[in-house]
Amino acid sequence: MSEDRSLNFIEEIIEEDIRNGKNGGRVHTRFPPEPNGYLHIGHAKSICLNFGLAQRYNGQTNLRFDDTNPEKEETEYVESIKEDVKWLGFNWANELYASDYFEQIYQFAVTLIKKGKAYVDDSTPEEIAEQKGTPTEPGRPSPFRERSIEENLRLFEEMRAGNYQDGEKVLRAKIDLASPNMHMRDPIMYRIRHAHHHRTGDAWCIYPMYDFAHGQSDSIEEITHSVCTLEFIPHRALYDWFIEQLEIFPSRQYEFARLNMTYTLMSKRRLLQLVNEGFVSGWDDPRMPTISALRRRGFTPASIREFCDRIGIAKRENIIDVSLLEFCVREDLNKTAWRRQAVLDPVKLVITNYPEDQVEFFDGENNPEEENGGGTRAVPFSRELWIEHEDFMENPTKKYFRLGPGLMVRLKHAYIVKCESFEKDEQGNITEIHCSYLPESKSGSDQTQIKVKGTIHWVSVPHAEKAEIRLYDRLFNVEDPAGDDSDFREHINPQSLQVIPEAYIEPDLKNAEAHKSYQFIRKGYFTLDKDSAPGKLVFNRTVTLKDTWAKEVKKQ
RNA sequence: AGUCUUGUAGUGUAAUGGUACCACGUCAGAUUCUGGCUCUGAAAAUCUAGGUUCGAACCCUAGCAAGACUACCA
């Protein structure tokens, strides 16, 4: 596989390994989520990396659930994670669980005890923390550190047998209490938890800690390149130490910087808080950065993969502009989404010289980016139309290309119209616009030679269907909602969801299909929400179109 | 404070001792029956100070800055 993109640092390491014949040139990665929450766009980066590496180097990727903490993990999360990975377009070689290795990991622990490299400690959590010392002062040995191998073996067996209460004893590695790396100061390997595990049930009451499970699982699966995020850098020494002591398959750990995105929260804990405290409707609320929310909102797997490819892989902390994600989804949807007309903020336009009961059907191309416009659908046209309020201006500025007294615009797919008059209510709101049309200006057979600057969309009043439309904006109004010490909840954007209960849509949209994207011309990309029901259409706005006019207006 | 990691346009990310690349964003223009798409162009960067070298973003030294670590979570 070759391309012009330069290699990221992990690819360089892998290619170096392949050149050196390491692992016989084999590449095997894994994606190791803990099933304690939903996957988000940050996980997508890791998924694309791990699966992408394997694809690129003819290797394989395991999906391994890191389920060593029974108190937080649930089957519901396992299912959603599998769905999300599949939806993103990746196939795992094996579906595995760290909990499958509990017996083997237990035996590893016994091996270490027999080597005099692990001991049972009766100290309390507070005592252990206190013994650990600080980064500048070395730790002190626990009074139980020098127990005999026989006693440790017996005690550890009793721990497994359920002879002790939660927290009464732990198994610790015997390494180096003076190490500048706090993780090497006799880290805990096993703790007692009389808890029900989502897969092993009540078979175990002792569970291995991350550091004594993750690397061992990697090794059991003969993972060649175990890729994780930066915060695990200090764990690497421990990762290597266990593998070396156990003399098992030498998996190697590499760390890259996790994804951060502007106006977005990425920690599972805070996302859970948003859900639990009702700031959003659930994990798949389209304003959330979760994969399920992005899917519901109308993002495509291809756009997310493209995004992950463009952001790159490196070791420095980063915060990606959310506009890059928006660019990626627009780029994809522009090529694939069918064009349709919808009026979100309607005002009536009457064509005074158009016959009362006449109806014409125009061909509207489905997608101008496709050959032959991607086919067409019939768009009904009549004397009365809905247009957007913002497409009329009583006192138009000189750069305004739409409707205003005496101004002409093209009605998309139809005729050129000229504004003759308008009506206002007592509050000064425009209530009706009267236009004349140029019969010779019909789309496709325009004889008028008239060049109008603007084209606007519309929906025929008698043919209009109604739909609820949900417009989403960023959930937070500051770039880094978790950045300072303030509560992120103070930065929630009160305008993040705007519901239009009754927008007018062209009749063809009655046939809208779930999971398909539509471009509402000049308004953005939309997709059917799962709240839709027969006779009740609900659309989510995925993203707006790029809007240089809005920027122009803002400048004034 | 100790150890570790990282510093390149606004944001990302290349350049591996030899012309600072590319993308998003920004700005200007062309085109357009979507103020979309497309096309053209512009502004914009090597944390600082020394050193090595014909030549340093890259190597060395010393600073500075940011982040991580001090859970019976992962």
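These numbers were taken from a predicted model, which means no experiment stands behind them. Chain letters run A, B, ... following the sequence lines, proteins first and then strands; every chain starts at 1.
In this structure, the NZ atom of A:Lys412 is 8 Å from the P atom of B:rG35, given to the nearest Å. Per the geometry, NE2 belonging to A:His183 stands 11 Å off C1' belonging to B:rU3, to the nearest Å. If you take NZ of A:Lys546 and P of B:rC24, they are 9 Å apart, rounded to a whole angstrom. Rounded to an integer number of Å, the gap from NZ of A:Lys45 to P of B:rG12 is 10 Å. Here the P atom of nucleotide B:rU5 and the CZ atom of A:Phe232 are 18 Å apart, to the nearest Å. The distance between atom CH2 of A:Trp458 and atom C1' of B:rU34, rounded to the nearest whole Å, is 14 Å. Atom C1' of nucleotide B:rG35 and atom NZ of A:Lys523 are separated by 12 Å, given to the nearest angstrom. A:Ile311 places its CD1 atom 11 Å from the C1' atom of B:rU13, with the value rounded to the nearest Å.
The side chain of A:Thr136 has B:rA1 as its nearest neighbour among B:rA1, B:rU34, B:rC72. Proximity note for A:Ile128 (side chain, C-beta onward) versus B:rC72, B:rC4, B:rC73: the nearest is B:rC72. Taking every side-chain heavy atom of A:Pro180 into account, B:rU3 is the closest of B:rG36, B:rU3, B:rC72. Taking every side-chain heavy atom of A:Ala129 into account, B:rA71 is the closest of B:rA68, B:rA71, B:rC24.
Using a 4.0 Å heavy-atom cutoff across all strands shown, A:Asp547 reaches sugar-phosphate atoms only and no base atom. Base engagement by A:Ser123 is indicated by at least one non-hydrogen atom pair under 4.0 Å involving a base atom. A:Arg522 comes within 4.0 angstrom of a nucleotide base, judged by non-hydrogen atoms across all strands. Backbone-only engagement by A:Thr68 is indicated by non-hydrogen atom pairs under 4.0 Å involving sugar-phosphate atoms exclusively. Nucleic acid contact for A:Pro32: none, since no nucleic acid atom lies under 4.0 Å from a heavy atom of the residue. If you check every strand for non-hydrogen atoms under 4.0 Å, A:Ile521 touches a base. In this structure, A:Gly524 reaches neither bases nor backbone, as no heavy-atom distance under 4.0 Å exists between it and the strands shown. If you check every strand for non-hydrogen atoms under 4.0 Å, A:Gln519 touches a base. Among the atoms of the strands shown, none is found under 4.0 Å from any heavy atom of A:Tyr190.
In this structure, A:Lys551 reaches the B:rU26 phosphate: one of its side-chain N or O atoms is under 4.0 Å from OP1 or OP2. Neither OP1 nor OP2 of B:rA1 sits under 4.0 Å from any side-chain N or O of A:Thr134. Look at A:Thr548 and you'll find a side-chain N or O under 4.0 angstrom from OP1 or OP2 of B:rG36. Side-chain N/O atoms of A:Arg193 include none lying less than 4.0 angstrom from OP1 or OP2 on B:rC72. Phosphate contact (OP1/OP2 of B:rU34, side-chain N/O of A:Arg340, threshold under 4.0 Å): absent.
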task: Summarise how protein sits on nucleotides 42-48 of chain B as a single string, 5' to 3': B when a protein heavy atom is under 4.0 Å from the base, S for sugar-phosphate-only contact, - for no contact.
output: -------
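Counting atom types as modelled, A:His235 pairs no side-chain N or O with a base atom of B:rA68 as donor and acceptor under 3.5 Å. Between the side chain of A:Glu369 and the base of B:rU38, no donor-acceptor pair under 3.5 Å is found. The base of B:rU34 sits within donor-acceptor range of the side chain of A:Arg339, with an N or O pair under 3.5 Å. Between the side chain of A:Arg402 and the base of B:rG35, a donor-acceptor pair under 3.5 Å is found.
Under the rule for a ring-ring contact (aromatic ring centres under 6.0 Å, His included), the partners of A:Phe539 that lie at least two apart in sequence or sit in another chain are A:Phe520. For A:Phe242, the ring-ring contact (aromatic ring centres under 6.0 Å, His included) partners are A:Phe212, not counting sequence neighbours. Here A:Glu126 pairs with A:Thr124 under the side-chain hydrogen bond (donor to acceptor under 3.5 Å, both in side chains) rule; sequence neighbours left out. When the side-chain hydrogen bond (donor to acceptor under 3.5 Å, both in side chains) test is applied to A:Thr542, no partner is found at least two apart in sequence or on another chain. In this structure A:Asn318 satisfies the side-chain hydrogen bond (donor to acceptor under 3.5 Å, both in side chains) test with no other residue, sequence neighbours excluded. Applying the ring-ring contact (aromatic ring centres under 6.0 Å, His included) test to A:Phe9 and every residue at least two apart in sequence or in another chain returns nothing. Among residues two or more places apart in sequence or in another chain, the ring-ring contact (aromatic ring centres under 6.0 Å, His included) test is passed with A:Tyr354 by A:Phe381, A:Tyr437.
Using the six-membered ring where Trp is involved, A:Trp386 and A:Tyr504 have ring planes that are parallel, under 30° apart on the 30 and 60° scheme. Ring pair A:Tyr106/A:Phe156 is parallel by interplanar angle, where below 30° counts as parallel and above 60° as perpendicular. Aromatic ring orientation, A:His235 versus A:His183: tilted (interplanar angle from 30° to 60°).
The C1' atoms of B:rA62 and B:rG25 are separated by 37 Å, rounded to the nearest whole Å. Nucleotides B:rA43 and B:rU70, compared at atom C1', are 47 Å apart to the nearest Å.
If you find the closest nucleotide of RNA chain B to A:Leu411 and to A:Glu126, the one lying nearer the 5' end belongs to A:Leu411. The residue among A:Asp66 and A:Phe9 whose nearest nucleotide of RNA chain B lies closer to the 5′ end is A:Phe9.
Contacts with RNA chain B (heavy atom under 4.0 Å) in residues 164-176 of chain A: A:Gly167, A:Val170, listed by number. Using a 4.0 Å cutoff on non-hydrogen atoms, the parts of residues 312-322 of chain A near RNA chain B are A:Ile313, A:Ala314, A:Lys315, A:Arg316, A:Glu317, A:Asn318, A:Ile319, A:Ile320, A:Asp321, ordered by number.
With the 3.5 Å cutoff on both pairing distances, Watson-Crick and G-U pairs in RNA chain B assemble into runs of at least 3 at B:2-7 with B:64-69, B:10-12 with B:22-24, B:26-30 with B:38-42, B:47-51 with B:59-63.
Salt-bridge annotation for A:Asp332 and A:Arg305: absent, with no side-chain N of the basic residue lying under 4.0 Å from a carboxylate O of the acidic one. Under a 4.0 Å N-O distance rule, the pair A:Arg339/A:Glu365 does not qualify as a salt bridge.
A donor-acceptor pair under 3.5 Å is absent between the side-chain atoms of A:Ser179 and the main chain of A:Asp176, judged by distance alone. The backbone N or O of A:Leu324 lies less than 3.5 Å from no partner atom in the side chain of A:Asp321, so there is not a single donor-acceptor pair.
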query: Do A:Ser99 and A:His197 pass the side chain to side chain contact (heavy atoms under 4.5 Å, CB included) test, and can you show the C-alpha distance, the side-chain angles, and the key distance before you say yes or no?
result: CA-CA 9 Å; A:Ser99 54; A:His197 186 278; 3.5 Å; yes
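Between A:Phe307 and A:Phe327, the ring centre distance reaches or exceeds 6.0 Å.
Screening residues 257-273 of chain A for salt bridge (Lys or Arg N to Asp or Glu O under 4.0 Å), with sequence neighbours left out, gives A:Glu231-A:Arg258.
Here A:Tyr210 does not pack flat against the base of B:rA74, since the 5.5 angstrom centre distance and 30 degree tilt limits are not both met.
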